[in-house]
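Encoded as structure tokens, the structure appears first; notes follow it.
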Amino acid sequence: MSDVRHVLVLPDRDAAEEVAAELADRFGVTEEPQLVRDALAGEDDADDAQWLVVVEDPASRLDSTALDAFAAEYEGWLETP
């Protein structure tokens, strides 16, 4: 069985940090999520960057629909593979 990785796309760093902190409380995520700055194509301005929160889910126990709804609370979404 392959590891599952969920990628939440957030509008800014503050939202990404809040989501990463909340994942443990809300979903019981034990591994520290990875935050990645994702500059939008063709944009040089640091303000025009999305932030990705990468969540490892080796047991495949996280619900994609719930994660997407959670990200939507922060004006984000769950990236579909």
Side-chain angles (χ1 to χ4, degrees):
M1 179 163 107
S2 64
D3 285 354
V4 175
R5 175 178 291 152
H6 302 283
V7 178
L8 303 173
V9 182
L10 284 305
D12 56 46
R13 182 180 188 139
D14 289 343
E17 288 176 346
E18 284 184 45
V19 164
E22 187 72 22
L23 279 166
D25 294 338
R26 184 91 64 106
F27 293 96
V29 172
T30 54
E31 191 169 318
E32 184 77 23
Q34 179 183 2
L35 272 62
V36 180
R37 182 179 174 275
D38 182 32
L40 299 175
E43 295 292 340
D44 295 328
D45 188 349
D47 292 338
D48 290 328
Q50 294 174 324
W51 282 78
L52 309 179
V53 178
V54 181
V55 184
E56 300 295 335
D57 184 18
S60 299
R61 61 178 193 78
L62 296 175
D63 179 356
S64 296
T65 304
L67 284 172
D68 188 47
F70 174 58
E73 293 175 26
Y74 295 87
E75 300 179 15
W77 65 89
L78 176 67
E79 191 69 31
T80 52

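Every value quoted in this text rests on a predicted model; they were computed, and no experiment measured them. If you read the sequence from its start, that first residue is 1, and numbering goes on from there. Only this structure's heavy atoms are used, side chains among them; waters, hydrogens and symmetry mates stay out.
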Residue pairs fulfilling ring-ring contact (aromatic ring centres under 6.0 Å, His included) with at least one residue in residues 52-71, sequence neighbours excluded: Phe27-Phe70, Phe70-Tyr74
For residues Leu62 and Leu8: do they belong to one hydrophobic cluster (side chain heavy atoms under 4.5 Å, members Ile, Leu, Val, Met, Phe, Trp, Tyr)? yes
Pairs satisfying salt bridge (charged side-chain N to carboxylate O under 4.0 Å, His left out), at least one member in residues 58-80, at least two apart: Arg26-Glu73
With side-chain contact (heavy atoms from CB on, under 4.5 Å) as the criterion, how do Leu23 and Leu67 come out once you've worked through the C-alpha distance, each side chain's angles and the decisive distance to 0.1 Å? CA-CA 9 Å; Leu23 279 166; Leu67 284 172; 4.0 Å; yes
Holding to side-chain contact (heavy atoms from CB on, under 4.5 Å), I want the full list of residues that pass it with Glu32, two or more places apart in sequence or in another chain. none
Check the hydrophobic clustering (I, L, V, M, F, W, Y; side-chain heavy atoms under 4.5 Å; chains of links allowed) and say if Val4 and Val7 are grouped together. no
Do Val54 and Leu10 share a hydrophobic cluster (ILVMFWY, side-chain heavy atoms under 4.5 Å, transitive)? no
Single-linkage hydrophobic cluster Val55~Trp77, side-chain heavy atoms < 4.5 angstrom: no
For Glu31, which residues count as a side chain to side chain donor-acceptor pair (under 3.5 Å) partner, sequence neighbours excluded? none
Set of residues satisfying side chain to side chain donor-acceptor pair (under 3.5 Å) with respect to Glu56, sequence neighbours excluded: Arg5
Distance, nearest 0.5 Å, that separates CG of Asp12 from CD of Glu17: 9.0 Å
Over all atoms of both residues, closest heavy-atom pair of Ala20 and Pro33: O-CG, 3.9 Å
Name all residues meeting the side chain to side chain donor-acceptor pair (under 3.5 Å) criterion together with Glu18; count only those two or more places apart in sequence or in a different chain, and write none if there are none. none
